[in-house]
Amino acid sequence: MDLARRIPIRDAKGKAIVAGFVEEIRDLKNIRFLVLRDRSGILQVTAKHGEVPEEVFSQIPSLTRESVVCVEGLIVKSPIAKLGRELIPSKIEVLSKAETPLPIEFLRPEIVKTALDKRLDYRFLDLRSPKSYAIFKIQDVLSDAAHRFFKEEGFIEIHTSKLVAQATESGANVFQVDYFGRDAYLAQSPQFYKQMMMAAGFEKVFEIAPVFRAEKHHTPRHLCEYTSIDFEMSYISGPEDIMEVLEKLVIFALGEVQRRCKSELELLKVKVEMPEAPFPKITLRKAYTILEEKGVKPPYMEDLESEHERLLASIIKEETGSDFFFLTEYAWAPDSRPFYVMRKENEPDWTYAFDLFYKGLELTTGGQREHRYEKLKEQCKLKGLEPEDFRFYLDFFRYGMPPHGGSGTGLERFTMQLLNLSNIREATLLPRDPERLIP
RNA sequence: GCCCUGGUGGUGCAGCCCGGUUAACAUCGUCGGCUGUCGCCCGACGGACGCGGGUUCAAAUCCCGCCCAGGGCGCCA
């Protein structure tokens, strides 16, 4: 059969050739049904004994679920069929027969719901489910919207190396790799290179690329490898400029999903709640007092615990209706922000670093960076780091560096929160966690 | 790294507390029956106690260790 003439199920009409996976076979002896699925939809193939070629009729019971077949026939309207139309086959060709039984069930989770880790073992099968496909279709739109947004705003896309000689942030652990006998690491963030581009005078850059964190987290929101939507921009007057870009990015991306993914959203039973700019902004100090009014007492000058972040999110949601808020002016404390953040001019205990939260989960970290060489070197020492170890980075600041800032947003977290998924692995094509390296 | 919960046919679960029958049910697979199914239906059959050690006449069940999974904490996007 000529696959060049194959058309998507959704568009098929009249005499047509369609191809796809066999979703179901219902054999009633003298009338046999096949449900065929491709990316565009499903279609019932109906074969009545005596009304279709004998060869076609006898082929059907030998098929197996999820085999790949190509069917030629006539699409007819059918009031009896639930889908309203069906395909009367004149020819069926088996392109690839599926083995039985299938190792996972992935089409009707309401009947048998295979556990996530088994589904991930057979990710290629799990992804055949329209719901899985919808998640990644939406993620594609988020990522595409981000690309378009940044380009529209005058940012240029960069591609920085993921092999680095040194860890960027003191906190997270790095994966070590052997680089021809030297120690190298997988990049935890494009942070230093984005800033290098500010020194290079690129002014506005973005990168949507993988970052690596060697942390043994066992939570529904952590991965060892994730996709970071990073940007950095020069000549800002304060961290508000960064937050404004983020707000526009988020609103544009959600708008695109709403506009372009109607059927996917419906399938996943998600209604996009469009946020309005500006998003609520709460300083960390203000957050402490709000939480204290609710009877919890977070330690002063320390980052909030995730339980407190969720509580704060629910308070803000109740008061403003917003799913998003910025937590700003993080503390300049030993275990808080990295050395390269800019501290507040007149209150050096606090910084121009912020996080963006979406439905109670940290989505983005960003801020204004310290661009003054002497101050940066001093902050490096204050954090107990040796400036010589960061020579290559500190050099960026010695020959003219514009004031600048930027942020990093987790694409998978964005997808997960938007779609109310309970585990980030659902929003990750090939999740890497401390245990999983395959597939 | 720590804490909690769990691991039983291909898949999802019951049984475990209180040791002893043919390890139930659903889904799935194979075969048979059925001319409009669409979560088809009906019948037959098939298939399982994470790994290692211990207690016991006897272990899916009790004890110890390990591995894995889910969740929580730390930390983070």
Side-chain angles (χ1 to χ4, degrees), chain A residues 23-35 42-51 57 60-62 64-66 78-86 88 98-122 125-126 169-173 188-191 208 210-230 302-307 309 335-338 355-358 361-366 407-417 422-425 427-428 433-436:
Chain A
E23 184 159 311
E24 208 171 346
I25 303 153
R26 287 189 287 267
D27 178 1
L28 280 71
K29 184 74 171 180
N30 282 308
I31 181 165
R32 290 169 178 165
F33 303 93
L34 267 188
V35 178
I42 57 172
L43 179 66
Q44 177 168 272
V45 176
T46 302
K48 285 189 197 177
H49 195 212
E51 293 183 26
F57 189 77
I60 293 176
S62 69
T64 54
R65 286 165 77 212
E66 296 303 316
S78 165
I80 315 174
K82 267 195 181 168
L83 295 165
R85 57 180 200 147
E86 57 193 4
I88 311 302
E99 293 180 21
T100 59
L102 296 167
I104 60 168
E105 294 290 334
F106 53 92
L107 285 171
R108 293 187 195 91
E110 61 280 6
I111 301 171
V112 177
K113 191 172 169 56
T114 302
L116 182 57
D117 75 305
K118 276 207 178 90
R119 285 167 44 212
L120 292 173
D121 287 341
Y122 293 91
L125 282 177
D126 181 54
E169 340 235 339
S170 39
N173 290 315
Q188 302 164 290
S189 146
Q191 185 59 35
I208 300 176
V211 296
F212 304 89
R213 303 282 164 98
E215 300 273 352
K216 286 205 163 189
H217 298 300
H218 293 96
T219 81
R221 58 184 185 281
H222 286 95
L223 295 166
C224 293
E225 177 185 11
Y226 69 91
T227 305
S228 181
I229 305 173
D230 265 278
E302 279 182 31
D303 290 6
L304 299 182
E305 291 169 17
S306 44
E307 188 194 336
E309 291 170 350
D335 296 321
S336 187
R337 300 290 114 174
D355 281 356
L356 173 62
F357 287 81
Y358 181 21
L361 180 66
E362 189 176 335
L363 190 67
T364 306
T365 291
S407 71
T409 300
L411 174 64
E412 295 85 352
R413 282 197 176 180
F414 197 5
T415 311
M416 168 171 81
Q417 293 306 88
S422 57
N423 193 309
I424 198 164
R425 294 165 183 82
T428 311
D433 62 36
E435 266 67 47
R436 182 174 295 278

Considering only the [atom1] atoms, how many Å lie between [N] and [M], rounded to the nearest integer?
N       : M       : atom1 : result
rG74(B) : rC3(B)  : C1'   : 11 Å
rU56(B) : rG15(B) : P     : 29 Å
rG20(B) : rG29(B) : P     : 34 Å
rA58(B) : rC42(B) : C1'   : 41 Å
rC62(B) : rU21(B) : P     : 16 Å

Tell me which donor-acceptor pairs under 3.5 Å the side chains of residues 99-109 of chain A have, and how far apart each pair is, sequence neighbours excluded?
from, atom 1, to, atom 2, distance (Å)
E105(A), OE1, R65(A), NH2, 3.0
R108(A), NH2, E24(A), OE1, 2.8

Under 4.0 Å, heavy atoms only, any strand: does [X] hit a base, just the sugar-phosphate, or nothing?
X       : value
S228(A) : nothing
E412(A) : nothing
E309(A) : base
E305(A) : sugar-phosphate
T227(A) : nothing
L361(A) : nothing

For RNA chain B, the dot-bracket notation using Watson-Crick and G-U wobble pairs below 3.5 Å, [ ] for pseudoknot-type crossings and | for other-strand pairs, is (((((((..(((.......[....)))((((((.......))))))...(((((..]....))))))))))))....

Report the nucleotide, chosen from rG70(B), rA69(B), rC76(B), that has the shortest atom-to-atom distance to any side-chain atom of R425(A).
-> rG70(B)

Given rA69(B), rC76(B), rC28(B), which nucleotide is nearest the side-chain atoms of R65(A)?
-> rC28(B)

Close N or O pairs between protein and nucleotides 10-16 of chain B (under 3.5 Å):
from, atom 1, to, atom 2, distance (Å)
rG10(B), O2', L102(A), O, 3.3
rG10(B), O2', P103(A), O, 2.8
rG10(B), N2, E105(A), OE2, 3.0
rU11(B), O2', T114(A), OG1, 2.7
rG12(B), OP1, A115(A), N, 2.9
rG12(B), OP2, K118(A), NZ, 3.2

What do the steps show when you test Y226(A) against R213(A) for side-chain hydrogen bond (donor to acceptor under 3.5 Å, both in side chains), and what is the final call?
-> CA-CA 8 Å; Y226(A) 69 91; R213(A) 303 282 164 98; 3.2 Å; yes

Could you run down the sub-3.5 Å N/O contacts of the protein with nucleotides 23-25 of chain B?
none

Short side-chain N/O contact to rA77(B) OP1/OP2 from T364(A), under 4.0 Å | no

Ignoring backbone atoms, establish whether R221(A) has a side-chain N or O less than 4.0 Å from OP1 or OP2 of rC73(B).
-> yes

What's touching nucleotides 32-36 of chain B from the protein side, N or O pairs under 3.5 Å?
from, atom 1, to, atom 2, distance (Å)
rC34(B), OP2, K29(A), NZ, 3.4
rC34(B), N3, D27(A), O, 3.4
rC34(B), N4, D27(A), O, 2.5
rU35(B), OP2, N30(A), ND2, 2.9
rG36(B), N7, K48(A), NZ, 3.3
rG36(B), O6, K48(A), NZ, 2.8
rG36(B), N1, E86(A), OE1, 3.4
rG36(B), N1, E86(A), OE2, 2.9
rG36(B), N2, E86(A), OE1, 2.5
rG36(B), N2, E86(A), OE2, 3.4

Heteroatom pairs (N/O) under 3.5 angstrom, protein to nucleotides 1-7 of chain B:
from, atom 1, to, atom 2, distance (Å)
rG1(B), O6, K216(A), O, 3.4

